[in-house]
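Down below is the structure, laid out as structure tokens.
Predicted model, so just to flag it, every value in this text is computed and none were measured.
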Amino acid sequence: MNKIFSINTMKSQTSLSRRRFLRGRFNQEKPVRPPWSISENIFLDTCIRCTECIERCPNGLLKKGSGGFPEVDFSRASCNFCGECQKACTVGALTDSAKSPWTLKPVIGEACLAKAGVYCRTCAETCDDEVIEFRLRANGMAEPDVNTDLCRGCGECSSSCPVIAIELKQNDTHEAL
């Protein structure tokens, strides 16, 4: 069984690598899958691209991505972790919604208005969990600090950022489901 699983996983990785190569996407990061997704290689083998999870998402967070697989687009919306996508998945590509949905955490880039000295606190104002705080720096400007321990990875900060300076990335200290 382990041999078959490793061969299928290897085939998945190979076809994904070929697809990225043929589209000129050599070192592109993996897309963010819906909450509660299983590991990427198994997800690609399991998901039948039925779009049920996309259609059931009340926020419009999910979109059809590369190869027709569902992807998260935080520029469109945030996730309220309602579990509708997980309920819609009949093939097991999304796991039990009682578990942690993902290990995504916000990373604030250099395009941030506050980092450039422009007053903006949209990310902190839209975060219900009060994960982002503004702290004064030596230059007298307040810049955002993210408390990743409190963050659920909903993406509200990213979807509301006026200059799209916040990207949600997998937290390196935790492994994705």
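The structure places OG1 of T51 at 13.0 Å from CZ of F69, a figure rounded to the nearest 0.5 Å. In this structure, CZ in R121 is found 5.5 Å from CZ in F134, a value given to the nearest 0.5 Å. Atom CZ in R33 sits 10.0 Å away from atom SG in C53 (nearest 0.5 Å). To the nearest 0.5 Å, atoms CD (E55) and CD (E84) are separated by 13.0 Å. For the atom pair K64 NZ and E71 CD, the distance stands at 12.0 Å (nearest 0.5 Å). The CG atom of L150 sits 9.5 Å away from atom CD of E130, with the distance rounded to the nearest 0.5 Å.
Judged by distance alone, with hydrogens and angles left aside, the side-chain atoms of K105 form a donor-acceptor pair with the main-chain N or O of T148 at under 3.5 Å. Looking only at distances, no side-chain donor or acceptor of T103 sits under 3.5 Å from a matching main-chain atom of Q170. Judged purely by atom type and a 3.5 angstrom limit, S37 uses its side chain to pair as donor or acceptor with the backbone of P34. Judged purely by atom type and a 3.5 angstrom limit, T126 uses its side chain to pair as donor or acceptor with the backbone of C123. Remark: side-chain polar atoms of N80 are paired, donor with acceptor, to backbone N or O of C82 under 3.5 angstrom. The closest donor-acceptor contact from the side chain of K115 to the backbone of P144 lies at 3.5 Å or more, if one exists at all. Under the 3.5 Å distance criterion, the side-chain polar atoms of R76 are matched with a main-chain donor or acceptor of G60. For the pair N59 (side chain) and L61 (backbone), a donor-acceptor distance under 3.5 Å is absent.
The closest side-chain heavy-atom distance from Y119 to L113 is not below 4.5 Å. Counting only heavy atoms from C-beta outward, the side chains of I38 and L94 never approach each other to under 4.5 Å. A heavy-atom distance below 4.5 Å is not found between the side chains of C85 and C57. Between D129 and C151 the shortest side-chain heavy-atom distance does not fall below 4.5 Å. Contact check for I132 versus C157: side-chain heavy atoms found under the 4.5 Å cut-off. Side-chain atoms of L62 and V72, non-hydrogen and from C-beta on, do get closer than 4.5 Å to each other. A heavy-atom distance below 4.5 Å is not found between the side chains of L168 and V107. With a 4.5 Å cut-off on side-chain heavy atoms, E156 and C79 do not count as touching.
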Practice prompt. Could you go through the side-chain hydrogen bond (donor to acceptor under 3.5 Å, both in side chains) check for D73 and S75 one step at a time?
Written response: CA-CA 5 Å; D73 185 356; S75 68; 2.5 Å; yes
Worksheet item: Given W36 and C89, is the side chain to side chain contact (heavy atoms under 4.5 Å, CB included) satisfied, shown in steps?
Response: CA-CA 11 Å; W36 303 289; C89 183; over 6 Å; no
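Considering every non-hydrogen atom in both I166 and S158, the closest pair reads O-OG, 2.8 Å. Here the shortest heavy-atom pairing between T46 and G92 reads CG2-C, 4.0 Å. Residues R135 and D145 come closest through the heavy atom pair CD-OD2, 2.8 Å.
Ion pairing of R137 with E143 is present here, as a side-chain N (NZ or NE/NH1/NH2) and a carboxylate O approach within less than 4.0 Å.
Within 6.0 Å of CD1 on I164 lie no more than 12 heavy atoms contributed by other residues, nucleotides or ligands.
Ring pair W102/F81 is perpendicular by interplanar angle, where above 60° counts as perpendicular and below 30° as parallel.
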